[in-house]
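One structure is given here, and the rest of the page talks about it.
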2 protein chains.
Amino acid sequence: MILSTLDVTEADELADSHEAQVIGHCAVASDVLSRIGDKWSVLVVMLLSTGPKRFNELKRLIGGVSQRMLTLTLRSLERDGLVRRTQFPTIPPRVDYELTPLGHSLCEPVRALGAWAFENYQTIAEARMAFDAREFR
Amino acid sequence: MILSTLDVTEADELADSHEAQVIGHCAVASDVLSRIGDKWSVLVVMLLSTGPKRFNELKRLIGGVSQRMLTLTLRSLERDGLVRRTQFPTIPPRVDYELTPLGHSLCEPVRALGAWAFENYQTIAEARMAFDAREFR
DNA sequence: CAGAATCCGAGCTGATACTG
DNA sequence: CAGTATCAGCTCGGATTCTG
């Protein structure tokens with residue numbers, strides 16, 4: 001179970017140290033990150049932040065995702081209560097996906113991280129090139 | 001190459017739409033997330049935010065990490081310019097890891113996400129249980 | 001102490017075909 | 001349209017062993 005990485009025993013053992021709090025706090029942050037850190041979740045959440053979308057609409061917008069992965073991504077977002085799925089029993093079937101309030105609240109910190117990424121990804125790219133250049137001496 | 005998921009052709013094709021910007025912006029965010037969204041990077045960065053640490057010191061503090069994964073995590077953080085590695089040619093060898101200014105700047109948005117996680121992970125856990133309960137009807 | 005190298009199994013992923 | 005089912009390929013990650 002992902003969200004119980006920090007079980008009670010471990011927490012108690014380290015209860016006093018300052019690092020324990022850092023670890024505890026970050027274990028939770030880490031779990032959330034590994035949840036939304038996959039290839040598609042953030043993309044989906046951010047696209048849904050502008051309003052409800054249908055399945056194939058998302059698929060087209062994202063572009064590089066297989067229908068299998070989009071299904072799995074949406075299902076796990078729904079499971080975590082970030083996305084609400086509404087299906088209309090029409091023919092052909094129609095399914096809408098939209099963010100829950102919880103999903104919307106996630107957008108803010110994600111946008112903060114996105115802003116950081118946007119400001120620094122060139123620096124990162126340069127650091128990588130410099131690093132890789134030193135590899136081949 | 002991770003940071004070029006959004007290549008120029010795609011960017012041009014979608015240049016006008018509003019979603020294009022969402023996608024473009026989020027592709028970068030997504031790359032960064034998939035970079036730090038792995039199991040250990042955030043933990044390492046946050047631990048280093050309190051000061052330089054040695055290899056086995058980090059290993060002990062984190063607890064559940066194999067030395068292989070810690071090595072790989074540190075190396076890729078170093079490659080991205082988030083961590084500086086300093087080795088002292090003593091016997092036994094000693095290696096210090098510390099955050100670069102770039103690494104420190106990452107702490108802020110990550111902390112924001114951590115705060116969100118801390119506030120909401122119980123809600124998420126409940127949503128999961130509710131979802132899983134509905135599975136078995 | 002701080003790794004590098006190797007092996008190997010579990011799990012993620014994409015492609016493909018099928019369904020209501 | 002919006003999925004499900006199945007299978008093969010590949011990557012990830014842990015355990016173990018070896019080195020300067």
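Naming convention: chains lettered A, B, ... in sequence-line order (proteins, then strands); numbering from 1 in each chain.
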Query - For B/Val45, all residues meeting side-chain contact (heavy atoms from CB on, under 4.5 Å), sequence neighbours excluded - result: B/Leu77, B/Leu99, B/Cys107
Query raised in the report: Salt-bridged, A/Arg85 to A/Asp96, with N to O below 4.0 Å?
Result: no
Query raised in the report: How close or far is atom P of C/dT13 from atom NZ of A/Lys39, stated in whole angstroms?
Result: 8 Å
Report summary line: With five pairs defining each end axis, the helix from C/dC1-D/dG20 to C/dG20-D/dC1 comes out bent, to 10°, by 50°
Query raised in the report: From C/dG3, C/dC1, D/dC1, pick the nucleotide closest to the side chain of B/Pro93?
Result: C/dC1
Query raised in the report: In whole Å, what is the span from the CD atom of B/Glu57 to the P atom of C/dA2?
Result: 9 Å
Requested in this report: Can you sort out the partners of A/Ala29 under side-chain contact (heavy atoms from CB on, under 4.5 Å), two or more places apart, ordered by chain and number?
Outcome: none
**Report entry** Sugar-phosphate, base or nothing in reach of B/Tyr97, heavy atoms under 4.0 Å
**Finding:** sugar-phosphate
Query raised in the report: In whole angstroms, how far is the C1' atom of C/dG3 from the CG atom of B/Asp96?
Result: 15 Å
Query raised in the report: Once you round it to whole Å, what is the distance between P of D/dG20 and CD of B/Gln87?
Result: 15 Å
Query raised in the report: Can you check the A/Glu78 CD to D/dA2 C1' distance for me, whole Å?
Result: 14 Å
Query raised in the report: What are the two closest non-hydrogen atoms of A/Val65 and A/Met69, and how far apart are they?
Result: CG2-CB, 3.8 Å
Report summary line: Here the pair of heavy atoms bringing B/Gly81 nearest to B/Thr100 is O-OG1, 2.7 Å
Report task. Let me know the distance between CH2 of B/Trp40 and C1' of D/dC12, rounded to the nearest Å. Result -> 13 Å
Requested in this report: Could you list the residues that satisfy side chain to side chain donor-acceptor pair (under 3.5 Å) with A/Glu57, not counting sequence neighbours?
Outcome: none
Query - Earlier contact from the 5' end, DNA chain D, for B/Pro92 and A/Asn56 - result: A/Asn56
Query - Interatomic distance where NZ belongs to A/Lys53 and P belongs to D/dA2 [whole Å] - result: 14 Å
Query raised in the report: For DNA chain D, what residues of residues 63-76 of chain B have any heavy atom nearer than 4.0 Å?
Result: B/Ser66, B/Gln67, B/Arg68, B/Met69
**Report entry** Approximate separation, where rounding is to 0.5 Å, of B/Arg84 CZ and B/Glu78 CD
**Finding:** 10.0 Å
Query - Among C/dG3, C/dA2, C/dG14, the nucleotide that comes nearest once only the side chain of B/Arg85 is considered - result: C/dG3
Report task. Sorted by first residue and then second, give each side chain to side chain donor-acceptor pair (under 3.5 Å) pair with at least one member in residues 41-56 of chain A; sequence neighbours left out. Result -> A/Arg35-A/Ser41, A/Asp38-A/Ser41, A/Thr50-A/Lys53
Requested in this report: Could you say whether A/Asp38 or B/Arg60 is positioned toward the 5' end of DNA chain C, judged by the nucleotide with the nearest heavy atom to each?
Outcome: B/Arg60
Report task. In whole angstrom, give the distance that lies between atom NZ of A/Lys59 and atom P of D/dG3. Result -> 12 Å
**Report entry** For A/Phe55 against A/Gln67, the heavy-atom pair lying closest together
**Finding:** CZ-O, 3.8 Å
